[in-house]
Amino acid sequence: MPSNQDLQGGKTFGLLKAQQREKLEEINKEFMEDQKYRDEEDLPEKLDSFKNKYAEFDLNDQGDIDMMGMKRMMEKLGVPKTHLEMKKMISEVTGGVSDTINYRDFVKMMLGKRSAVLKLVMMFEDKANGSSDKPDGPPPKRDITSLP
């Protein structure tokens, strides 16, 4: 087996992603064992979903969602925000302690009773993924008589 120094490009990226998912899985186990969350319905499925969402937007693979990861998340969800709005959202989730959202804060926010703006956006995205209201193809041709 080659050492980590021999790995390049995609192999290194895959290794980093696997390590990140292992760390997130360890944190999920902590939440599973926590008495505070034992009564949560479908906890294993929720934690797995949170892990996948979090890993998708942790752009630097350091275990934190930073401002650019948050910007990408909001744009992908179709609700782009200004930097000031994103700073406020991050501050709301972390309690003003950090400029990044770590996985523990993310899970606490998603499982918590408080309705943070980010939580509401994430829940909205899950519901919106079921159906698309956008019509397919070019818009229908209109003439002057059909205009309001």
Side-chain angles (χ1 to χ4, degrees), residues 1-140:
M1 181 85 192
S3 68
N4 288 345
Q5 295 174 0
D6 295 339
L7 299 177
Q8 297 178 9
K11 292 178 183 177
T12 303
F13 181 76
L15 184 63
L16 284 173
K17 278 296 185 188
Q19 289 172 347
Q20 178 193 32
R21 290 194 182 275
E22 285 176 23
K23 288 177 190 173
L24 298 181
E25 195 59 46
E26 288 174 18
I27 295 171
N28 278 354
K29 287 179 185 174
E30 291 175 21
F31 277 97
M32 293 288 290
E33 295 168 1
D34 192 337
Q35 294 293 331
K36 186 176 177 182
Y37 300 105
R38 289 228 184 227
D39 296 336
E40 189 73 33
E41 191 174 314
D42 300 326
L43 185 60
E45 292 84 10
K46 286 181 180 179
L47 289 174
D48 193 49
S49 171
F50 298 159
K51 177 180 72 172
N52 293 333
K53 287 274 186 230
Y54 189 85
E56 180 180 347
F57 295 110
D58 179 11
L59 299 180
N60 59 8
D61 295 321
Q62 298 297 316
D64 294 325
I65 295 178
D66 60 2
M67 184 71 72
M68 291 312 293
M70 176 72 82
K71 183 174 177 58
R72 180 173 170 225
M73 180 189 305
M74 293 294 109
E75 288 172 353
K76 188 169 182 183
L77 297 176
V79 284
K81 301 285 184 189
T82 65
H83 278 349
L84 193 58
E85 290 171 317
M86 288 187 292
K87 277 186 175 185
K88 184 178 178 186
M89 290 167 68
I90 291 173
S91 177
E92 185 179 336
V93 172
T94 63
V97 177
S98 176
D99 291 337
T100 59
I101 298 174
N102 66 34
Y103 185 63
R104 279 188 179 84
D105 288 338
F106 182 78
V107 173
K108 285 178 186 174
M109 172 198 65
M110 295 302 285
L111 292 176
K113 302 301 179 212
R114 283 184 57 221
S115 54
V117 174
L118 181 58
K119 177 181 177 180
L120 295 174
V121 170
M122 297 291 288
M123 288 170 40
F124 172 75
E125 185 222 20
D126 286 342
K127 290 178 184 169
N129 279 345
S131 64
S132 176
D133 293 345
K134 289 185 176 182
D136 291 334

Could you tell me which non-hydrogen atom of Leu47 sits nearest to which non-hydrogen atom of Tyr103, and how far apart they are? O-OH, 3.4 Å
With rounding to the nearest 0.5 Å, note down the distance linking CG in Asn28 to CZ in Arg104. 10.5 Å
Return the CD to CE distance between Glu25 and Met32, rounded to the nearest 0.5 Å. 9.0 Å
Give the minimum heavy-atom separation between Ile90 and Ser98, together with the two atoms involved. CG2-O, 3.7 Å
Heavy-atom count around Met68 CE within 6.0 Å, excluding the residue itself: above 12? no
With side chain to side chain contact (heavy atoms under 4.5 Å, CB included) as the test, pick out the partner of Asp64 among Ile101, Asp105, Thr100, Thr94. Thr100
Would a 4.5 Å heavy-atom cut-off, applied to side chains only, mark Gln19 and Leu15 as touching? yes
For Arg21 and Asn52, work out which heavy atoms get closest and say how close. NH1-OD1, 3.0 Å
Indicate the ring-plane relationship of Phe106 and Tyr54, choosing parallel, tilted or perpendicular according to the 30° and 60° boundaries. tilted
From CA spacing to verdict: side chain to side chain contact (heavy atoms under 4.5 Å, CB included), Glu85, Met74: CA-CA 11 Å; Glu85 290 171 317; Met74 293 294 109; over 6 Å; no
In chain order, what residues pass the salt bridge (charged side-chain N to carboxylate O under 4.0 Å, His left out) check against Asp48, with sequence neighbours excluded? Lys51
Between NE2 on residue His83 and CE on residue Met86, distance to nearest 0.5 Å: 5.0 Å
Identify whether the distance between the nearest side-chain nitrogen and carboxylate oxygen of Glu75 and Lys71 falls below 4.0 Å. yes
